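Since the model is a prediction, treat every value here as computed from it, not as a measurement.
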Amino acid sequence: MVKVNTPPDTDRGGSITYDKSTKLLPKASSRELQLAFPSLITTTTSTCAPSTGNGTQLPNSADSTKRLLLPISQGVTKRAGRKKNAEADFATAGASSGGAGGKSSKKNVGKAVFEAKKKTDVGVSDLTLISKITDEEINQNLMKRFQAKSIYTYIGHVLISVNPFRDLGIYTDEVLASYRGKNRLESPPHVFAVAESAYYNMNGYKENQCEVYSQRELTNGSGESGAGKTEAAKRIMQYIAAASTTSSDTIQRIKDMVLATNPLLEAFGCAKTLRNNNSSRHGKYLEIQFNAQGEPIGANITNYLLEKNRVVGQIKEERNFHIFYQFTKAASAEHRQSFGLQTPDTYLYTSKAGCLEVPGIDDVAEFADTLNAMNVIGLSKDEQDQIFRMIAAILWLGNVRFKPSETSDGSEIADTSVTDFVSYLLQVDAAAVKRALTIRIMETSHGGRRGSIYEVPLNIAQATSVRDALAKGIYNNLFEWIVDRVNKAMQNSAGSISNTIGILDIYGFEIFDTNSFEQLCINYVNEKLQQIFIQLTLKTEQEEYEKEQITWTPIQYFDNKVVCELIEEKRPPGVFAALNDACATAHADPTAADGTFVQRLNMLSSHKHFENRSGQFVIKHYAGDVNYSITGMTDKNKDQLLRDILELVEASQNPFVHTLFPDKIDRDNKRRPPTASDKIKQSANDLVTTLMKAQPSYIRTIKPNQNKSPTEYNEPAVLHQIKYLGLKENVRIRRAGFAYRQSFEKFVERFFLISGRTSYAGEYVWEGDARSAAQAILKDTGLPTTEYQMGVTKVFIKTPESLFGLEAMRDKFWHNMATRIQRAWRNYLRYRAECATRIQRAWRKKRGGLEYLQLRDEGHKILAGRKERRRMSILGSRRFLGDYLGAGFSGGPGAMLRKNAGISSSEDVVFSARGEVLVSKLGRSSKPSPRVIILTNKALYIIMQALVNGQLQISAEHNIPVGAIKYVGMTNLRDDWFSLGVGSPQAPDPLVSCVLKTELVTQLKRVLRGSLDVKIGPTIEYSKKPGKIAVIKSMKDPSTGLFDTYKSSTIHVSQGEPANSVSRPTPKGKPVAAKPITKGKLLKKGGPSKVIPKARPLPQEAGIRPLPRNIPGLAPMPAASAAATPAPVPRKTVPVAVAASHARTPSSSASRPPPPPPSAPPMAPAEAPQVPTCKALYDFSGSSEKELSVSLNEVVEIIRKEENGWWLVKKLDSELQGWAPTSYLQELPMAPKRPINGMGKKKPPAPPKRPGVQGAAEPAAAAGGGSFAGGLAEALKQRQAALNAKDDDDDDW
């Protein structure tokens, strides 16, 4: 974290804390920023709280106030702060203060922190902030967020979840950790935020919590949700398990078992439907129990409405419960042998719908997870075997087929081997199984007395129904046994229960083409949940407004209590009461019972939410009108197995079967057993009682399409769900008063930046309480008083547009701060680059080319004072660079030479240059011919280039291995010729001329590792032909000039440098003027602001002797011409003298007698032309004719300035000019111009001087009297200095 101290002339000076991770700036360390802005930046250490990674600071201690910035958010719960009593304490302080005179809240507001990693919201994250409250606007907002992969949206405290049908990577441990310890409104909407809020409220306020998942699926299909309820429930459990502490193995075991319930209950309670591959086909309420330390010590699961009809039949392309496919595909060899298990396509219950495989589901892998969950729960091996025995019995039971009986009107078993195997699995008599499936025992009664008993044979349809009833009964009781067994395993044994968190995952509202008893029960439970949702929501809203003393208009809404009473009431009788009465009066015949039910429903025809139709009845639910079919409803309500079936299982020899069917048959008990409607009514009321005791959090799930597509958003389908979910009503209730509410403390912490009275460049400076600070912010922003109200502890803002306006002001503040920091950073980068350039330049001057210098010195040693030297060879700047033609490069002309000469890529080029070779012509004298010389680590190549038929041809004329070169011969004069002593019997020795001969020999000797012999003498011997030695003489010829010549075996060369000459010292490079940093707004020309440059000393003070006024050697000029063409004046003396003494510039007109008093001011004589001058700070001796030598303190005229560090200057006393380095010169200031008559304000003429005292005025002025012109010049000079100082002080911050 970096603190940037802004200058006082900013919008609001001071300092801001800026997160270094922001993408607005290049990545830089604190050290780099300190180097860049030594006067602007300090690094905060202990005073800066640790960062959470998204620009949010957390406190250093428990006493620290939370430095948390909220996004554009919704209302605040009790958890507005992380400390339980923080809000209450602050509210008390604010209420008691009564305004600005109260206790200061400055300590409660931390430094503003820019949210560098804040994700840009698409749409609004809280539907209470939409401008227009309509179903269409809600739909559009959800669609935008879905397309931007933001699947969560709030409505106040309610979370809306849209199923993404893909993994968005938002449930990782890293994401989970980012929500731990955070207020729900401090982070984007997420199911983890709801879980954290519930967990924190449980710990902080010791209140039980519950999470309610609801979803409305209104389609003409199977009714499966697929909206994500089960997934959300799993994520809640994942978060609580990760967030809670663990102090013992028992606590960890409970955590593991809670998580293990997911795969176990999914296997036995979930199935693949048309619209969801993992649809939960039962409702459950998981209650996690915690001790006083917030550690899970137990759990309990309540099961609701298992869809047991799915066991015996599914629609096409759906599947049975997962466990059937997992077991048949991945069962062990032992189970397959013991239970006669085969593949799923063998069994009717798993293959009837024609769907055995599901994309994305691995039944084998999930069966392993199921077994692992059983082990974690603590199911023994025998218990697991018994569970799988019942699963196998159900599968084989489905394969029992019936055929018409040959002896009666009933039916009989088609394949008795199947029933025999079922009897083996259930451990009952095989004959009893056949009898129970094909015959029903009927008993008549007379006046309460037992009558006759009859055996009624069952037809195929009736027998099939009995078979399916037995299968459904076994699976339903097995599922309930598993739930009870899980509850026993998770039963608390670690201490007293302090609080609980409940997670409710239940069916959503259902409307199908044909709706029966199951839909009636499901919709009844949803009516009860909707009732408590409305009660709690409105109650909470009204209580908050009353507590905060806010005036609001109550909203009209539909209270569905009347619908709940229509279904459940006994007096007057409701639907359930009529259904039970019909079951009791006509229990023997289902058809008769249905008819009785129709008659009982006529009593409800006057109810405004009920309609009785032929064979159907309509209930007007809050989510829409639903037609219920009466057929079979009474039979389903009985929810009882036939007595024959109960007697069959009671006769089983398997104790586990008796565990599944614990109730004994009591033939003397005439009391009506509880019906299914009685059970669901009791469960729903118990659930409501439990939820009313807790603080609920709602998660409402929406399915975006029916195809499980991750990109498709079906607007009409989602709009349908939005309407029946009642989202618009939820928003209207939340928006009944105000769209946004926030505590004074949090509001000030969020928006204090946008008021000049509460902030100073990021620092909170308000001395009053938070209430008065909030009022000041709202007043300074110009928000109308009709748009907000001040409560007791909170600010209430009416419309979302007002909130967005405040947020826009806050964003603009950060934008301005970022712009300033970027500007400073860019200046620093330029400054750093310039510094690096200067350091590199200095390093190259100091150490650059050292190895080339060492190679050059090695060449001097080879010659050993035996050969005269060329002047260019011993220059201080000479370096032995080697490959001058670039033959070692991969491209360019050098590479072309190498390729055509046939030089292998494995050879390293150490030297290449151009030269000449002496070529013998038949019948003519030898003549030098141009060649290219390349030396590698293996051979020396002499390459010839020639034009043949207009095309360039390149070939290697000589390819001499370096090992074949025995010696190199040279003359002792300064010529460039040398011979290569090869002594080949087939070819002559080359006689070569090369200006870089010394370097070539040095490189060759290095390649040969010092074994080369260098012969230097008056002549050169070489084999002109194989075996024929020729001698080349050398002679001095002054007329030769710069280069030597060859003629008739003689080399003519001019006088060279002495043989013992060594290279001169490396010359100093031309000074390069320092490049000032003049760009940008922080680093400006002229140094720091408010600093006025010191005045330069007078020539006498600086030790500079003034030059004479008249240049020696120039004849006096007439007065007339002197006025027009003044004599040249040295620029050093005159301007400084004028600036110091305010005297006029002397001229030749001073010696003339004064004229008579004129009637008008005379025209002033023309001044000498203003030319820039400079003074030499050091002696400089020019090394060439273009450079001008100057001596210390000499003043010269500046003719031209160049940016390369050199100025063109001219002597003042002659026409001699040349270049001089700027680092040796100091420019002198120009003399202020003398006022010209007739320009500006007119001045009275000077009084005439008396004869003989013409020179008296000048000394007087110099003595300090001064003239009007001198005073004006001084005034102009002071004004200019003041303007310069003001300009320097201007800052573009």
Side-chain angles (χ1 to χ4, degrees), residues 836-884 910-911 913 970 972-976 978 994-1006 1010 1014 1016 1041-1044 1053-1075 1176-1194 1196 1202-1209 1216 1218-1226:
T837 301
R838 296 179 187 180
I839 293 172
Q840 291 170 349
R841 185 185 302 127
W843 178 257
R844 284 194 296 267
K845 287 181 180 179
K846 181 69 176 176
R847 302 291 294 176
L850 184 60
E851 71 173 287
Y852 304 126
L853 289 176
Q854 294 174 347
L855 189 63
R856 184 193 67 182
D857 295 338
E858 185 179 339
H860 294 334
K861 295 178 181 178
I862 291 175
L863 298 182
R866 296 178 290 168
K867 181 176 177 64
E868 292 183 359
R869 309 301 305 276
R870 294 171 59 250
R871 180 173 176 267
M872 299 300 292
S873 297
I874 56 176
L875 289 178
S877 58
R878 176 76 170 93
R879 303 287 189 275
F880 283 8
L881 302 178
D883 188 8
Y884 294 94
V910 297
F911 178 85
M970 298 182 178
N972 56 4
L973 300 183
R974 50 145 287 183
D975 60 277
D976 299 325
F978 64 92
C994 181
V995 294
L996 305 176
K997 58 187 179 305
T998 306
E999 182 175 354
L1000 173 59
V1001 172
T1002 305
Q1003 296 282 12
L1004 182 59
K1005 191 162 186 176
R1006 276 201 169 186
V1014 181
I1016 301 177
L1042 185 61
F1043 300 101
D1044 55 55
V1053 63
S1054 59
Q1055 178 66 39
E1057 299 293 328
N1060 58 357
S1061 299
V1062 296
S1063 294
R1064 298 186 178 91
T1066 301
K1068 294 182 179 179
K1070 293 182 179 180
V1072 178
K1075 184 179 181 181
L1177 300 177
Y1178 314 99
D1179 290 332
F1180 174 69
S1181 178
S1183 60
S1184 67
E1185 57 184 12
K1186 294 183 180 181
E1187 299 174 0
L1188 180 65
S1189 299
V1190 293
S1191 56
L1192 177 64
N1193 293 330
E1194 182 180 356
V1196 292
E1202 293 290 346
E1203 295 297 331
N1204 58 4
W1206 290 79
W1207 287 354
L1208 183 63
V1209 296
L1216 188 61
W1219 295 93
T1222 55
S1223 57
Y1224 283 56
L1225 305 176
Q1226 179 183 21

Looking only at heavy atoms, the pair that brings F1180 and L1188 closest together is CD2-O, 3.3 Å

Closest non-hydrogen atoms of S1189 and G1182, given as atom of the first, atom of the second and distance, are OG-N, 2.8 Å

CG (L1042) and CZ (R974) are apart, to the nearest 0.5 Å, by 6.0 Å

Here the pair of heavy atoms bringing L1177 nearest to L1192 is O-CD1, 2.8 Å

- Item | Pair R1006 + E858: basic N to acidic O under 4.0 Å | yes

Nearest heavy-atom contact between G1056 and E868 is N-OE1, 3.1 Å

| said: Would the distance check show the side chain of S1054 and the main-chain N or O of G1041 forming a donor-acceptor pair, the cut-off being under 3.5 Å? | reply: yes

Rounded to the nearest 0.5 angstrom, the CZ-OH distance for R879 and Y852 is 10.5 Å

CG of D857 to CZ of F880, rounded to nearest 0.5 Å, is 8.5 Å

One should read off an interatomic distance between W1219 CH2 and E1202 CD, to the nearest 0.5 angstrom, of 4.5 Å

Margin query: If we ignore hydrogens and angles and just use 3.5 Å, is the side chain of R869 paired with the main-chain N or O of G865 as donor and acceptor?
Written below: no

Exercise for review: For V1190 and Y1224, run side-chain contact (heavy atoms from CB on, under 4.5 Å): C-alpha distance rounded to whole Å, both residues' side-chain angles, the deciding distance at 0.1 Å, then the answer.
Suggested key: CA-CA 9 Å; V1190 293; Y1224 283 56; 5.7 Å; no

Sorted by chain and number, sequence neighbours left out, ring-ring contact (aromatic ring centres under 6.0 Å, His included) with F1043 holds for none

Closest heavy-atom pair, L855 versus Q1003, reported as atoms and distance to 0.1 Å, is CD2-NE2, 3.1 Å

With heavy-atom distances below 4.5 Å as the criterion, would you say the side chains of D975 and K867 are in contact? yes

Check: Donor-acceptor pair, D976 side chain versus D1044 backbone, under 3.5 Å?
Finding: no

So CD1 of I1016 and CE of M970: to nearest 0.5 Å the spacing works out to 6.0 Å

field: Within-4.5 Å side-chain heavy-atom neighbours: S1223 and Y1178
entry: no

Rounding to 0.5 Å, atoms OG1 (T1002) and CG (L996) come to a distance of 11.0 Å

In short, salt bridge (Lys or Arg N to Asp or Glu O under 4.0 Å) pairs touching residues 1176-1187 with sequence neighbours left out are none

Check: residues 871-878 side-chain donor-acceptor pairs under 3.5 Å, at least two apart:
{"unit_1": "R878", "atom_1": "NH1", "unit_2": "Y884", "atom_2": "OH", "d": "3.1"}
{"unit_1": "R878", "atom_1": "NH2", "unit_2": "E999", "atom_2": "OE1", "d": "3.1"}

